[in-house]
There are 2 protein chains.
Amino acid sequence: MKSNKIEKDTESKILEAAKRVFVQKGLDGARMQEIADEARINKALLHYYFRSKEKLFMTIFKVELNSFFPRLIPVLLSPDMTHEQKIRHFVEEYIDLFLKNPFLPAFVLREVNRNPQIIAQFIGESGIDSRKLKEVMKVLSNEMGLSLNEVLHLMVTTVSACIFPFAGKPIIEQVLFEGNSTEYNQFLRERKKFVADFVIFSIKGRTI
Amino acid sequence: MKSNKIEKDTESKILEAAKRVFVQKGLDGARMQEIADEARINKALLHYYFRSKEKLFMTIFKVELNSFFPRLIPVLLSPDMTHEQKIRHFVEEYIDLFLKNPFLPAFVLREVNRNPQIIAQFIGESGIDSRKLKEVMKVLSNEMGLSLNEVLHLMVTTVSACIFPFAGKPIIEQVLFEGNSTEYNQFLRERKKFVADFVIFSIKGRTI
DNA sequence: TATCAAATTAACCATTTGGTTAAACTATTT
DNA sequence: AAATAGTTTAACCAAATGGTTAATTTGATA
């Protein structure tokens with residue numbers, strides 16, 4: 001048996017290459033040869049480590065979907081924070097995640113629309129727990145003085161405001177900043193504060 | 001020459017079939033044979049009308065991108081409406097568009113991320129005019145008492161809140177409604193009122 | 001109704017692509 | 001150092017795929 005070091009190295013070289021290619025091109029657009037080239041190995045070695053393109057893709061997708069759902073539920077349930085603090089924390093963490101992985105939103109949306117079942121398939125392993133989520137909604141509902149349904153919409157709106165500027169980068173960059181990527185990136189950095197403010201102001205404006 | 005009726009019929013049969021297939025599967029996932037089958041014609045006929053897959057795709061994409069940007073600028077510039085009325089009008093029209101074309105957001109986002117240049121390529125024909133857009137922003141900035149930059153973020157947030165629930169359908173339906181599509185559709189129908197309220201409340205809450 | 005151009009099709013082609021195989025290589029064990 | 005088991009590669013394969021060609025059909029026109 002080869003030393004574990006080299007063994008693991010090849011596998012992670014493959015995983016890193018596959019991530020880059022799949023995230024950028026999607027399952028349909030990716031080529032096994034390109035992944036092999038990117039990892040600087042023979043194509044047959046891909047099939048030696050991961051039996052098929054599908055299997056390799058699923059391995060990558062599972063990891064990416066997992067990071068797409070941030071581990072923020074405990075914070076949202078914390079009794080030591082106001083709902084304003086919770087909103088700020090959530091928005092900042094979520095946007096930071098996408099600033100570090102700018103292509104994650106477009107990738108997940110693309111693949112999830114290509115094969116909607118894939119989301120049900122991995123729901124268990126994705127760090128999302130429906131029960132906990134409902135608990136969060138109840139807590140927020142009490143804290144904010146809104147109905148459960150209003151909290152649901154509020155959550156979706158908040159998540160939308162975080163995700164869309166990344167998923168729609170080519171549109172926003174071109175239409176709003178005439179292709180100037182510096183301005184677009186500046187805009188993204190401002191987002192954390194703006195989105196949190198926006199949501200908090202909306203709750204205030206509603207309850208007046 | 002054959003009668004115009006039949007000629008046009010075949011071409012539109014192709015366009016309708018191509019739209020269905022491309023919107024669902026994207027450029028990479030679509031197959032010319034499938035489009036031919038869907039249109040109930042021979043595959044060679046596709047190439048007779050549209051020389052290549054790329055050309056056929058571009059024809060479809062241009063149309064879809066065009067409908068993705070609604071013609072709402074005149075309304076937003078109208079001096080006879082309050083900014084609240086404008087927001088309500090915009091949100092209602094935009095969400096209605098997606099209720100009629102639920103796969104449009106995912107399609108546009110997918111293709112625009114696959115090939116970011118495509119958006120610059122069609123910006124002229126897409127019914128979007130940067131100059132007019134800036135005019136809208138100035139008008140809204142005055143009406144709402146917000147800075148230009150705040151209006152920019154506000155616009156992106158509003159658009160996000162309209163688009164994401166459609167682009168992220170598989171995620172929302174599964175995570176928030178455990179796969180119950182009736183509940184998901186109910187949620188979508190409520191959105192028009194909620195999003196408009198949300199934005200308007202936020203402006204109110206901010207200026208207090 | 002003979003002619004002609006456009007529309008349509010069946011058969012075919014070249015390339016790409018995911019996947020396989022058998023041989024070669026490497027490191028560990030005896 | 002011979003045997004062994006895991007790793008890596010070059011060469012290959014079958015199916016799929018976008019695209020082409022040559023022949024046939026269709027319908028209008030003279």
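All heavy atoms count here, side chains included; hydrogens, waters and symmetry mates do not. All chains are named by letter (A, B, ...) in the order of the sequence lines, taking the proteins before the strands, and each is independently numbered beginning at 1.
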Please report the distance, rounded to the nearest Å, between [atom1] in [X] and [atom2] in [N].
X	N	atom1	atom2	result
A:Phe57	C:dG19	CZ	P	14 Å
B:Lys53	D:dG19	NZ	P	8 Å
A:Tyr48	C:dC25	OH	P	17 Å
A:Ile14	D:dT7	CD1	P	11 Å
A:Phe50	C:dG19	CZ	C1'	16 Å
B:Glu11	C:dA6	CD	P	15 Å
B:Asp9	C:dA6	CG	P	20 Å

Quiz prompt | Pairing of B:Glu111 and B:Arg114 as salt bridge, 4.0 angstrom limit | solution = yes
Practice problem: Kindly say whether the aromatic ring centers of B:Phe198 and A:Phe198 come within a distance under 6.0 Å. | Solution: yes
Practice problem: Mind telling me whether A:Phe61 and A:Phe122 have parallel, tilted or perpendicular rings, with 30° and 60° as the class edges? | Solution: tilted
Quiz item: Can you list, by residue number, the residues of residues 28-46 of chain A that have a non-hydrogen atom closer than 4.0 angstrom to DNA chain C?
Solution: A:Ala30, A:Arg31, A:Met32, A:Lys43, A:Ala44
Quiz item: Would one find more than 12 heavy atoms of other residues, nucleotides or ligands at under 6.0 Å from atom NZ of A:Lys86?
Solution: yes
Quiz item: Could you give the distance from CZ (A:Phe57) to CZ (A:Phe22), rounded to the nearest 0.5 Å?
Solution: 6.5 Å
Looking at [X], I'd like to know whether one of its side-chain N or O atoms comes within less than 4.0 Å of OP1 or OP2 on [N].
X	N	result
A:Ser52	C:dG18	no
B:Tyr49	C:dT8	yes
B:Thr10	C:dT8	yes

Quiz item: Would A:Lys13 and A:Asp9 satisfy salt bridge (charged side-chain N to carboxylate O under 4.0 Å, His left out), going step by step from the backbone distance to the final call?
Solution: CA-CA 6 Å; A:Lys13 256 165 45 184; A:Asp9 219 43; 5.4 Å; no
Quiz item: From the list D:dG18, D:dT7, C:dA7, which nucleotide is the closest neighbour of the side chain of B:His47?
Solution: D:dG18
Exercise. Take A:Gln186 and A:Glu190 through the side-chain hydrogen bond (donor to acceptor under 3.5 Å, both in side chains) test and state the conclusion after the steps.
Key: CA-CA 6 Å; A:Gln186 172 61 22; A:Glu190 296 165 2; 3.2 Å; yes
